[in-house]
Asker: 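Submitted below is the structure of interest, expressed as C-alpha cells.
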Amino acid sequence: MANRLGLIGGSGLYRMPALADGQWIEIDTAWGKPSDALLLGTIGDREVAFLPRHGRGHRVAPHEINYRANIAALKAAGCTEVLAISAAGGFHGDVPPGSFVLVDQYIDRTVRGGRSFFGQGIVAHVAFARPVCGRLNAIVAAALAEEGGPHRIGGTMLVIEGPQFSTRAESLLHKSWGCDVVGMTGLPEARLAREAELCYASVAMVTDNDAWSDEEVDVATVIATMGANVVRAQALVSSVATTGGGQGGSCAEGCSHALDAAVITARDAWPIEASHRLATISPRTFSGGK
Ligand SMILES: CSC[C@H]1O[C@H](OP(=O)(O)O)[C@H](O)[C@@H]1O
Ligand SMILES: Nc1ncnc2[nH]cnc12
C-alpha cells in the first residue's frame, strides 16, 4: 500500500509545483472518471497524489463533479489521507478574506446526488458526527501555525448547491446559524472520504464576504484573492506532506476502519456486482465478499 497523501485543489489551485517528478496519470474508476488525471509524485519523502477538483482549466462545475470518482481515484492511487483545499466565503470578522480556516464541521444545503458509495444492495451508515480526521487535523493545525499567516483552527462550512452564489437572504440566514465559511464542494466530498476509509481534512481559503454585506462576492474577487494566497497554500501542503506520515494507513481516530461498524446488510445478501465495486474503496471489507 502506497500510503500516499491525497491533495485536492479547488478554485485557483490547479497545479502543484511542489511535487517533485510529478506525472499526470489517467485513472478510471468503478464510479466513472474523476475530474482530471492525478498528478503523482513526491514531496520530501512522502508520496503524494494531486487532483484538481474542477479539472485543469476549471471545466467541471460543483454540481457536475463526480465526487465518487474523485475519491475512488485517490483511493486507487494508494492514498490513506486527503487534504482538501477550497475557496470559500467568510461570515464574520474572524475569517476575513486572506485567512485560512481549518474546517471541522459541515452543514449540507446541497441537493445533488452521488453522495454515497452505498446502495444497490449493500447498505452502510458511517458515523459522521466528527466529519474530519482529528489526527490529520492536528498535523494541518501545526502546519498552519508554522506557515504563520492569518488562520483559524475550527470552523463550520455551509455547503450550498451552487453554481450560483447565495442570495443576501440566504447569506444572512447561514451567518445567523453560526456558520463560519461557505463553499460549494465540501460535501459530499467529506462524506465519501469517510466511506472510503480515508482520513480527510479541509482548509478553506477565505476569498470574500459572500453576500451578507455590501461587498458582494464575484468570481474575479475569488480568483484574485486565491492568486494572492496560492504560495501560502503550496507551503501549507508541503509542510503537511513532510511532517505527517499517514501512520502506515492505520488511523487511531478510526478513519481507516470506518466501515467496521457501518455495513448493515448481511454478508450473504451482498450482490456480487456491488461488492466488487465496493472492494475498490474498501478492499479489506469487500475483497473477501462473494
Ligand atoms: C470560483 S468561485 C465558486 C467556486 O469556488 C469554490 O470552489 P472550490 O470549493 O472547489 O475551491 C466553490 O466551492 C465553487 O466551486
Ligand atoms: N461566497 C462563496 N460562496 C460559495 N462558494 C464560494 N467559493 C468562494 N466564495 C464562495
Side-chain angles (χ1 to χ4, degrees), residues 6-16 34-36 50-67 69-71 74 82-92 95-103 106-112 114-115 131-132 155-175 177 179-193 200-230 232-234 236-237:
L7 299 169
I8 300 180
S11 297
L13 200 59
Y14 311 109
R15 290 175 194 278
M16 195 52 65
S35 300
D36 205 332
F50 171 70
L51 174 63
R53 185 187 283 123
H54 302 276
R56 282 165 287 177
H58 205 124
R59 293 167 288 99
V60 191
H63 61 288
E64 293 175 323
I65 292 171
N66 186 339
Y67 294 92
N70 283 359
I71 294 295
L74 290 172
V82 174
L83 172 60
I85 310 280
S86 300
F91 283 125
H92 53 77
V95 290
S99 59
F100 289 8
V101 179
L102 184 57
V103 174
Y106 296 90
I107 294 180
D108 197 350
R109 296 262 286 158
T110 67
V111 295
R112 60 188 69 133
R115 59 178 54 213
V132 296
T156 298
M157 173 181 272
L158 188 295
V159 187
I160 59 171
E161 175 69 12
Q164 302 84 1
F165 291 112
S166 305
T167 65
R168 175 153 299 149
E170 287 166 334
S171 189
L172 287 167
L173 177 67
H174 301 157
K175 181 172 159 61
W177 285 350
C179 299
D180 299 291
V181 291
V182 55
M184 303 180 193
T185 61
L187 298 171
E189 195 170 275
R191 295 184 193 284
L192 294 165
Y200 180 88
S202 160
V203 172
M205 296 174 62
V206 181
T207 52
D208 58 88
N209 285 324
D210 197 36
W212 53 270
S213 72
D214 287 340
E215 301 157 41
E216 291 160 22
V217 55
D218 60 21
V219 165
T221 309
V222 171
I223 296 304
T225 314
M226 278 299 294
N229 288 288
V230 80
R232 289 181 58 206
Q234 304 270 1
L236 178 71
V237 300

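Both ligands and their constituent atoms are indexed starting at 1 by order of listing.
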Asker: Check Arg59 with Glu64, please: is the shortest side-chain N to carboxylate O separation under 4.0 Å?
Answerer: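 Looking at Arg59 together with Glu64, the answer is no, because their closest N to O distance does not fall below 4.0 Å.
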
Asker: Among all protein non-hydrogen atoms, which one is nearest to atom 9 (O) of ligand 1, and what is the separation to 0.1 Å?
Answerer: Thr185 OG1, 2.6 Å

Asker: If you have a sec, work out which protein heavy atom is nearest atom 14 (C) of ligand 1 and how many Å separate them, to one decimal?
Answerer: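 Result for atom 14 (C) of ligand 1: Met184 SD, 3.6 Å.
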
Asker: What are the atoms of ligand 2, with element, lying closer than 4.0 Å to any heavy atom of Asp208?
Answerer: 1 (N), 2 (C), 8 (C), 9 (N), 10 (C)

Asker: Going by heavy-atom distance to atom 7 (O) of ligand 1, choose the closest among Ala87, Ser202, Ser11.
Answerer: Ser11

Asker: Within a distance under 4.0 Å of any heavy atom of Asp210, pick out the atoms of ligand 2 and give their elements.
Answerer: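 Counting from 1, the qualifying ligand atoms are 1 (N), 2 (C), 3 (N).
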
Asker: Decide yes or no for Thr221 and Thr207: does some side-chain heavy atom of the first lie under 4.5 Å from some side-chain heavy atom of the second?
Answerer: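 SC-SC contact between Thr221 and Thr207 ruled out.
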
Asker: Between Ile8 and Thr185, is a side-chain contact (heavy atoms from CB on, under 4.5 Å) present by the stated rule, with each step listed?
Answerer: CA-CA 11 Å; Ile8 300 180; Thr185 61; over 6 Å; no

Asker: One residue to check: Ser86. Relative to ligand 1, which of side chain, backbone, both or neither has a non-hydrogen atom less than 4.0 Å away?
Answerer: both

Asker: Should you measure from each heavy atom of Pro62, which atoms of ligand 1 turn up under 4.0 Å away?
Answerer: 15 (O)

Asker: For atom 8 (P) of ligand 1, what is the closest protein heavy atom, and at what distance to 0.1 Å?
Answerer: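 Nearest neighbour among protein heavy atoms for atom 8 (P) of ligand 1, to 0.1 Å: Arg53 NH1, 3.4 Å.
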
Asker: What protein heavy atom sits nearest atom 10 (O) of ligand 1, and how far off is it?
Answerer: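 Among all protein heavy atoms, the one nearest atom 10 (O) of ligand 1 is His54 NE2, 2.5 Å.
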
Asker: Parallel, tilted or perpendicular: which one describes the rings of His58 and His54, with boundaries at 30° and 60°?
Answerer: parallel

Asker: Show which atoms of ligand 2 fall inside a sub-4.0 Å distance from at least one heavy-atom site of Met184.
Answerer: 4 (C), 5 (N)

Asker: Which protein non-hydrogen atom lies closest to atom 2 (S) of ligand 1, naming both residue and atom, and how far is it?
Answerer: Phe165 CZ, 3.7 Å

Asker: Does an N or O anywhere in His58 fall below 3.5 Å from an N or O of ligand 1?
Answerer: no

Asker: Return the minimal non-hydrogen interatomic distance between Val230 and Gly12, and the atom names on each side.
Answerer: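 Nearest pair, atom of Val230 first, then Gly12: CG2-O, 3.8 Å.
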
Asker: Taking the side chain as everything from C-beta on, heavy atoms only, tell me whether Thr156 gets closer than 4.5 Å to Ile107.
Answerer: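 The answer is yes; the side chains approach within 4.5 Å.
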
Asker: Would you call Gly162 a ligand 1 contact, heavy-atom distance under 4.0 Å?
Answerer: no

Asker: Walk me through it: do Phe100 and Ile85 pass the test side-chain contact (heavy atoms from CB on, under 4.5 Å)?
Answerer: CA-CA 10 Å; Phe100 289 8; Ile85 310 280; over 6 Å; no

Asker: I'd like to know if the side chain of Asp210 pairs up with that of Ser171 as donor and acceptor (distance under 3.5 Å, no hydrogens or angles considered).
Answerer: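 Side-chain D/A pair, Asp210 to Ser171: present.
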
Asker: So among Tyr67, Tyr200, Tyr106, which one has a side-chain hydrogen bond (donor to acceptor under 3.5 Å, both in side chains) with Glu189?
Answerer: Tyr200

Asker: State the atoms of ligand 2, each with its element, that fall below the 4.0 Å cut-off from a heavy-atom position in Thr207.
Answerer: 8 (C), 9 (N)

